[in-house]
Every structure is written in structure tokens, then in C-alpha cells.
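All values reported here derive from a predicted model rather than from experimental measurement. Convention: sequence-line order gives letters A, B, ...; per-chain numbering from 1.
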Number of protein chains: 2
Amino acid sequence: MENVLATQLLELSQLIRKARQQWLRERPDVPIGTVSILKLIDEIGTAADGGCHAKDLAERSGLDPSTVSRAVAAAVGQGLVERRVDNADRRASTLALTPAGRDLLAAASAWFSALIGRALADWPAGDAERVSCDLGRLVAAFSAVLEETHTLEAAR
Amino acid sequence: MENVLATQLLELSQLIRKARQQWLRERPDVPIGTVSILKLIDEIGTAADGGCHAKDLAERSGLDPSTVSRAVAAAVGQGLVERRVDNADRRASTLALTPAGRDLLAAASAWFSALIGRALADWPAGDAERVSCDLGRLVAAFSAVLEETHTLEAAR
DNA sequence: GCGCAAACTTGCCCAACGCGCAATATTGAT
DNA sequence: ATCAATATTGCGCGTTGGGCAAGTTTGCGC
């Protein structure tokens, strides 16, 4: 069973790579990583009281803090993200999307959603919901085990 | 709905990246791409009459033919894969795993399966099967739409 | 036999994504 | 005052993969 899942996950990762390449061909000005960053800033910023900090971003994305900082700097340079000192903790930066960043995120979301929509076009009603539910469980299960592995390594 | 799925797929791709990095930390001698290549050679070789050709590999993996050729050359150099002229079409190479390649593939499969097993350890019986079934449908749906997109582009 | 295409390989150079270390500055907590 | 947290930036590197060009050999149809 696990072997079947491993194969499916390998296939899925290959498909995701193809989708990303497709995006890149259509939008060479926007690295896919920027889209991920924008999305996470939006989500975290919406959910968290103090807004989105670089540290949150690094944790959520699993990227190295220096990578996150540089990605944010690039997005700031492109006018997609703004950085402000957090008054509650002046060591930290609060990250937020600019209107341009919002527009780009909306466009990217529409692009990926359209792709997914085409894939699921002839699915019976309710199937997408069920698959999404299962995918959510899978994501949660993996998050837990990979987080645990990461924690064990940090303890070394 | 599609937006939820897009988010989940982004999260899943990040988790897959973490798993791959974990593998790389534990097995720096074995690029993850080599594992994928070995796996595909094994699958295609098992399923196809004439064995596995580089062209099959490129199609299945979505990698550029030159990339595939180089990856195969590296695997041959590491004694994991052997290349033979296909007598049915002497332009083509038939790729097959060596015993060492088989061992490595088995080890990698065990590694990833163990990871997945830990993630699903406390799932109720039958749930993994259901999720796998749903994942298979998702993979098939995406394959179809991305293949179609790829075909349209080739026609340009 | 010829011409074209298929199958593949290799050299070369590049792109995209990400890591990690070191150094630095500022702020927060004790 | 000391130490840790938060973040940033420079630098150099690693991993994965693309694409072009050129070349060789073989297969196929005329």
C-alpha cells in the first residue's frame, strides 16, 4: 500500500513540476516561488493577529530563513510586498501584500484553479470535495511526520 | 473548491520537497532524480514488451530527452543501469536495472514507504486504500490535462 | 540508393530554486 | 550587561533540469 502511495506521490510531484514549468513559460517574470510566498503571506496575514512575520513564512514554507528573506526582498523590490516594523516587537518585520501583490496572487490563483478545473471538468458532483478532504488528511499526516523528523534533526 | 485544491497541492509539493531533502541528507550519494529514473525503468521494463527505452523514460518522467540521456549515463556509470542495443530497433537502447540498481531501488522504496507508513500509522483500516484511490484519480485527471497542454504547445 | 525521420548521445552553457555560513544590526528578556 | 531572538545581506555553492547544436546510426518509404 505504501509503495502504491509512494508511486502516486512521485507521479504527482512530476505533474506539479510540469504545471510549474507551464506557469513559467507563460509568466517568465514571476518565479513560482514568488507566488508561493505571496500566498503564504496572504494566508498567515489573514489568520494571525500580528500579521505575517518572516519567521512564520520560513516555518510554513519549510524554506531556510535566509532564502525567505531574500525572496521577500525580491517581492518588495517588485512592489508586490511591503515590509513594516512590527510595533509589538520591533525586531520583527510585518509583511503584507501590496495591491499589485494582491492582483498577481489573484491572477496566479485563477491560473492554477483553471488548470485544476479543466482536470476535474467531468467529475461527478461531490467527488472533488471528497478528494480534497482526503488530500487534506494526507497533507496533515505528512506534515506531522516530517515536522517530527525535522525536530529530531534539530536536536542532534 | 479549485482554490482549496490548489492550496493543498502547494502544501503537498512543499512536503514532498522536505521529504526529498531528508533523503538527500541521509543519502548524499544518490540524487533523488536517480531514484525516479530507476523506478521508471523498472516499471516500464516490467510493463513493456521491448523493455524500457530512453524515449519512454522521457515521456513518462516529463524530462527533456537530453536530461534523461545524461541521467541514464550517470546511472550506468554508477553501475545501477545497463544499456543494451535493442535488436528489434537498433537505433534504440534498452535500459534495465542491474542487481545493484535493484537493491538501491528496493532501499529507496523501503525508505519512502517507511515515511509514508509513519504518516499513516494511526489511520483506520481502509482509509489508505481510499486515499490512494482518490490520489490515483487526481493523478490521472492531471496527467490528461497537462498532456493536452503539452500537445497544444508542440503544435505551435 | 536516396532522403528524411527516428532514436539517442554528448558537449556546452544556462536557468531556476534553494541552502548554509558568516557577519551585522536591532530589539527583547532576564 | 548579557544573551537570545528577529531579521537581513553577501557570498558561494549544490541540486535539478532545460535547450541548443552537432553528430552517429538505423529504419522506412519511395
Ignoring hydrogens and geometry, is there a side-chain-to-backbone donor-acceptor pair from B:Gln8 to A:Val139 under 3.5 Å? no
Any ion pair linking A:Arg102 and A:Asp42 (charged N to carboxylate O, less than 4.0 Å)? yes
Taking only Lys NZ, Arg NE, NH1 and NH2, and the carboxylate oxygens of Asp or Glu, determine whether B:Asp86 and B:Arg84 approach each other closer than 4.0 Å. no
Does a side-chain heavy-atom distance below 4.5 Å link B:Val35 with A:Leu10? no
Nearest listed nucleotide, side chain of A:Ala54, among C:dA7, D:dA7, C:dT9: D:dA7
When you match A:Lys55 and B:Leu24 each to their closest nucleotide on DNA chain D, which lands nearer the 5' end? A:Lys55
Is the shortest heavy-atom distance from the side chain of A:Asp134 to the side chain of B:Leu135 under 4.5 Å? no
Expected output: side-chain B:Thr94 to main-chain B:Val85 donor-acceptor under 3.5 Å: no
Nucleotides 19-30 of chain D: protein proximity per nucleotide (B base, S sugar-phosphate only, - neither; heavy atom, under 4.0 Å): BB----BBS---
With sugar-phosphate meaning primed atoms plus P, OP1 and OP2, does B:Arg20 contact a base, only sugar-phosphate, or nothing at under 4.0 Å between heavy atoms? nothing
I need the residues from residues 33-46 of chain A with at least one non-hydrogen atom less than 4.0 Å from DNA chain D; give them sorted by number, or say none. none
Can you tell me if A:Arg17 and A:Gln14 form a side-chain donor-acceptor pair at under 3.5 Å? no
